[in-house]
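See below for the structure under consideration.
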Amino acid sequence: MRRQIAEVKSLLPLAEDFFNRDPRRVARALLGKILARRTPKGLLAGRIVETEAYLGEGDAAAHSASGRTARNSVLFGPPGFAYIYFIYGNYYCANVSCLPDGVPGGVLFRALEPVHGIAMMARARGVSLRSDQDLRKISSGPGRLCTALGITRVRDNGKDLTSAKSDLRIMDDGFRVRRIEVGPRIGITKSAHHPLRYVIAGNPFVSR
DNA sequence: ATATCGATTATCT
DNA sequence: GATAATCGATATG
């Protein structure tokens with residue numbers, strides 16, 4: 001009889017090198033990783049199941065398309081930093097900067113599968129957890145996941161996501177993604193046809 | 001100074 | 001499936 005081996009889940013934070021490359025590669029590699037917020041009341045965490053890459057030059061949909069401004073300067077800075085922006089008068093969206101200092105690029109977090117602190121995140125989102133369907137309302141969408149993790153521009157824009165001192169980090173728990181589906185990005189009008197959206201195939205927590 | 005519009009979401013029909 | 005809500009960044013005069 002084969003002895004059952006307890007799987008040790010080491011939780012390794014991603015380092016700067018992980019983000020120092022093309023956003024398309026980072027967006028793929030981020031699928032399956034854990035976005036985690038440390039709070040005084042405990043850990044809030046979700047598995048990344050949907051991302052979008054935003055490039056520098058030539059990507060009209062990217063906020064970095066028309067050069068560096070006060071708003072988008074994080075995208076032009078070193079890799080592994082949080083770019084948070086306010087959208088539609090109501091919501092925040094969270095990105096991580098990619099490529100070396102001086103070269104713009106980033107990846108938008110579009111959906112998480114809740115894994116830890118689910119009750120707290122549900123409360124932050126104002127959803128009651130009665131059915132499995134309600135679980136999807138917690139963090140399936142770029143604005144929703146920011147609300148769930150308490151991500152705002154004032155709190156988190158410019159934060160180093162690779163620093164041990166940061167309360168917002170990205171971890172690798174060893175999860176292996178089977179298959180990735182690629183398609184056009186959502187909610188944009190310019191450069192709309194490029195296949196820069198990545199999802200874990202079959203995962204029920206993707207947006208839309 | 002004013003107008004437009006958006007990397008969204010909740011709430012309708 | 002369609003639309004209102006809501007405000008800051010950006011474009012235009």
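Numbered from 1 within each chain, the chains take letters A, B, ... in sequence-line order.
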**Study point:** Pairwise P distance, C:dG1 and B:dA7 [rounded to whole Å]
**Key:**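 To the nearest whole Å, 22 Å.
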
Point to revise | ring pair (Phe, Tyr, Trp, His ring centres under 6.0 Å) partners of residues 187-208 of chain A, not counting sequence neighbours, each pair once | key: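 Applying ring pair (Phe, Tyr, Trp, His ring centres under 6.0 Å) to every pair that reaches into residues 187-208 of chain A, excluding sequence neighbours, yields nothing.
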
For the side chain of [X] and the backbone of [Y], is there at least one donor-acceptor N/O pair under 3.5 Å apart?
| X | Y | result |
| --- | --- | --- |
| A:Ser97 | A:Pro78 | yes |
| A:Glu52 | A:Ile186 | yes |
| A:Asp134 | A:Arg130 | yes |
| A:Arg125 | A:Met121 | no |

**Study point:** Span of DNA chain B in contact with chain A (heavy atoms, under 4.0 Å)
**Key:**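 The footprint of chain A covers B:dG6 to B:dA10.
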
Compile the donor-acceptor pairs under 3.5 Å between side chains in residues 81-91 of chain A and protein atoms, sequence neighbours left out, one pair per line.
from: A:Tyr83; atom 1: OH; to: A:His63; atom 2: ND1; distance (Å): 2.7

Interface residues of [range] with DNA chain C (non-hydrogen, below 4.0 angstrom):
| range | value |
| --- | --- |
| residues 71-98 of chain A | A:Arg71, A:Phe86, A:Tyr88, A:Gly89, A:Asn90 |
| residues 102-131 of chain A | none |
| residues 44-70 of chain A | A:Thr69 |

Review point. Going hydrophobic residue to hydrophobic residue with side-chain gaps under 4.5 angstrom, can you get from A:Ile200 over to A:Val182?
Key: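 Linked, A:Ile200 and A:Val182 end up in one cluster.
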
Check your understanding: In the single-linkage hydrophobic clustering (I, L, V, M, F, W, Y; side-chain heavy atoms under 4.5 Å), do A:Val26 and A:Met171 co-cluster?
Key ->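 Different clusters.
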
Considering residues at least two apart in sequence or located in another chain, which fulfil the salt bridge (Lys or Arg N to Asp or Glu O under 4.0 Å) criterion with [X]?
| X | result |
| --- | --- |
| A:Arg185 | A:Asp59 |
| A:Glu50 | A:Arg110, A:Arg197 |
| A:Glu181 | A:Arg179 |

Review point. Starting at the 5' end of DNA chain B, what dot-bracket string do you get if Watson-Crick and G-U pairs under 3.5 Å are bracketed, crossing pairs use [ ], other-strand pairs use | and unpaired bases use dots?
Key: ||||||.|||||.

Euclidean distance, [Y] [atom2] relative to [X] [atom1], rounded to 0.5 Å:
| X | Y | atom1 | atom2 | result |
| --- | --- | --- | --- | --- |
| A:Asp172 | A:Leu11 | CG | CG | 8.0 Å |
| A:Glu113 | A:Ile118 | CD | CD1 | 8.5 Å |
| A:Arg153 | A:Cys93 | CZ | SG | 14.0 Å |

Check your understanding: With a cut-off of 6.0 Å (strictly less than), are more than 12 heavy atoms of other residues, nucleotides or ligands near CZ of A:Arg25?
Key ->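 No.
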
Determine all donor-acceptor pairs shorter than 3.5 Å in which one atom belongs to a side chain in residues 33-40 of chain A; sequence neighbours excluded.
from: A:Lys33; atom 1: NZ; to: A:Ala29; atom 2: O; distance (Å): 2.9
from: A:Arg37; atom 1: NE; to: A:Leu149; atom 2: O; distance (Å): 2.9
from: A:Arg37; atom 1: NH1; to: A:Asp156; atom 2: OD1; distance (Å): 3.0
from: A:Arg37; atom 1: NH1; to: A:Asp167; atom 2: OD1; distance (Å): 3.4
from: A:Arg37; atom 1: NH1; to: A:Asp167; atom 2: OD2; distance (Å): 3.2
from: A:Arg37; atom 1: NH2; to: A:Leu149; atom 2: O; distance (Å): 3.4
from: A:Arg37; atom 1: NH2; to: A:Gly150; atom 2: O; distance (Å): 3.0
from: A:Arg37; atom 1: NH2; to: A:Asp156; atom 2: OD1; distance (Å): 3.3
from: A:Arg37; atom 1: NH2; to: A:Asp156; atom 2: OD2; distance (Å): 2.7
from: A:Arg38; atom 1: NH2; to: A:Ser166; atom 2: O; distance (Å): 2.8
from: A:Thr39; atom 1: OG1; to: A:Lys41; atom 2: N; distance (Å): 3.0
from: A:Thr39; atom 1: OG1; to: A:Gly42; atom 2: N; distance (Å): 3.0
from: A:Thr39; atom 1: OG1; to: A:Gly42; atom 2: O; distance (Å): 2.7

**Study point:** Start and end of the DNA chain C segment that chain A contacts, any atom under 4.0 Å from a heavy atom
**Key:**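 Both ends considered, the range comes out as C:dA5 to C:dT10.
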
Point to revise | salt_bridge(A:Asp160, A:Lys165) N-O dist < 4.0 Å | key: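 So A:Asp160 does not pair with A:Lys165 through a salt bridge.
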
Exercise for review: Pick base, sugar-phosphate or nothing for A:Thr189, based on heavy-atom distances below 4.0 Å to the nucleic acid.
Suggested key: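 Sugar-phosphate, backbone atoms only, no base.
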
